[in-house]
Amino acid sequence: MGRLAVYIANLGKYLEGCGCRYGQWLQLPCSADKLHEVLEAIGINDQYEEYFITDSESRIPNITINQYASISELNELAAKIEELADFDYEKLAAVLEWESSMTVAGIIDIIDNLDSYTLLPGVDDDDALGEYFSTELGAFDAIPENLRYYIDTEKYGRDLRLSLDMCYTSYGTIIRD
């Protein structure tokens, strides 16, 4: 499986009691020809014009696909996901863990604006956040070395957490810049 797939079923046949037998998995992104082929295979025609999504699979956690989501929007989303570098893929997963209940359009907007987020992998609590800012970003560089040991990095991290637009996720800390 790629990064996004949906199971499309014939709504008319479903309502007639045929269940989802008139359905098929569609790997996204796909061409217009492939979509037409799948719709034809599940019996979408003049008599049965409507379809719906009964299931979805994604390697990106926290993506919820509405049963009536637009296939063209989902195709655009899948194409954008495919273009992501590994680090941006993790950044997206972290943002989606933070921003729950996103629409497809909302996720596309996040991907288009991923550069407005910063992911700090491995930073998962106040102490680690304070340590990261003090050592990696040099927040304490102006303080003499012998005095730095008296600074409580956990409390510093807590203060940072309260002042930043951020969230601890299973991927690390995600900060909205």
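Worth knowing before you read on, the calculation uses all heavy atoms, side chains too, and leaves out hydrogens, waters and symmetry mates. The model shown is predicted, which means the values in this text are computed figures rather than measured ones.
- Atoms CG and CD1, from L120 and I174 in turn, are 8.0 Å apart once rounded to the nearest 0.5 Å.
- Separating the CG atom in L92 from the NZ atom in K80 is a distance of 12.0 Å, to the nearest 0.5 Å.
- A continuous path of ILVMFWY side-chain contacts below 4.5 Å connects I111 to I63, so both sit in one hydrophobic cluster.
- Looking at residues two or more places apart in sequence or on another chain, you find a salt bridge (Lys or Arg N to Asp or Glu O under 4.0 Å) between K34 and E37.
- With rounding to the nearest 0.5 Å, the separation of CG in L96 from OH in Y171 is 9.0 Å.
- D165 has a carboxylate O that lies under 4.0 Å from a charged side-chain N of R176, or vice versa, which qualifies the two as a salt bridge.
- Taking CG of L74 as the reference point, atom OG of S56 lies at 8.5 Å (rounded to 0.5 Å).
- Checking side-chain atoms of E97 against main-chain N and O of S170 turns up a donor-acceptor pair under 3.5 Å.
- Taken together through direct or relayed side-chain contacts under 4.5 Å among Ile, Leu, Val, Met, Phe, Trp and Tyr, V104 and L26 form part of one hydrophobic cluster.
- When hydrophobic clusters are built by joining Ile, Leu, Val, Met, Phe, Trp and Tyr residues whose side-chain heavy atoms come closer than 4.5 Å, directly or via intermediates, V123 is not grouped with L162.
- In this structure, the separation between CG on D126 and CG on L160 is 9.0 Å, given to the nearest 0.5 Å.
- Looking only at side-chain heavy atoms (C-beta outward), F133 and L164 come within less than 4.5 Å of each other.
- Between W25 and Y7, the ring-plane angle classifies as perpendicular under the 30° and 60° cut-offs.
- Note that OG1 of T64 and CG of N66 are 9.5 Å apart. Values are rounded to the nearest 0.5 Å.
- By the 4.5 Å heavy-atom criterion applied to side chains, Y68 and L11 are counted as neighbours.
- Minimum interatomic distance between Y48 and G12 (heavy atoms only, all atoms of both residues): CD2-CA, 3.7 Å.
- The heavy-atom pair separating A128 from G122 by the smallest distance is CB-O, 4.5 Å.
- A side-chain donor-acceptor contact under 3.5 Å links Y168 to the backbone of D125.
- Counting only distance, with no hydrogens or angles, the side chain of N10 and the backbone of K13 share a donor-acceptor pair below 3.5 Å.
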- Please report the C-alpha distance between E16 and Y22 in whole Å, then the side-chain angles of each, then the deciding distance to 0.1 Å, and finally whether the side-chain hydrogen bond (donor to acceptor under 3.5 Å, both in side chains) criterion is met. CA-CA 11 Å; E16 289 175 358; Y22 290 89; over 6 Å; no
- Evaluate side chain to side chain contact (heavy atoms under 4.5 Å, CB included) for T153 paired with T135, printing each intermediate quantity in order. CA-CA 10 Å; T153 55; T135 57; over 6 Å; no
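- Ion pair R148/E145 flagged as a salt bridge, since at least one NZ, NE, NH1 or NH2 atom sits closer than 4.0 Å to an Asp/Glu carboxylate oxygen.
- With hydrogens and angles disregarded, no donor-acceptor distance shorter than 3.5 Å links the side chain of D88 to the backbone of K91.
- Between the side chain of Q27 and the backbone N or O of L4, at least one donor-acceptor pair lies under 3.5 Å.
- Scanning all heavy atoms of the two residues, the minimum distance from A9 to I42 falls at C-CD1, 3.9 Å.
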- Chi angles and distances behind the side chain to side chain contact (heavy atoms under 4.5 Å, CB included) call for I71, I53: CA-CA 9 Å; I71 296 296; I53 298 168; 4.1 Å; yes
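- Using a 4.5 Å cut-off between side-chain heavy atoms of Ile, Leu, Val, Met, Phe, Trp and Tyr, with links allowed through other members, V6 and I107 fall into the same hydrophobic cluster.
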- Message: One pair to check against side chain to side chain contact (heavy atoms under 4.5 Å, CB included): Y132 and T173. What are the steps and the verdict?
- Response: CA-CA 11 Å; Y132 179 85; T173 297; over 6 Å; no
- Task: Starting from the C-alpha separation in whole Å, work towards a yes-or-no answer on side chain to side chain contact (heavy atoms under 4.5 Å, CB included) for N75 and L35.
- Result: CA-CA 10 Å; N75 218 21; L35 176 60; over 6 Å; no
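- Taking all atoms of both residues into account, the shortest heavy-atom contact from M166 to L129 is SD-CD2, 3.7 Å.
- Cluster annotation: L119 and Y117 are assigned to the same hydrophobic cluster (Ile/Leu/Val/Met/Phe/Trp/Tyr, side-chain heavy-atom contacts under 4.5 Å, transitive).
- Shortest non-hydrogen contact noted between A78 and P29 is CB-N, 3.4 Å.
- Atom CD of E73 has more than 12 heavy atoms from other residues, nucleotides or ligands within 6.0 Å.
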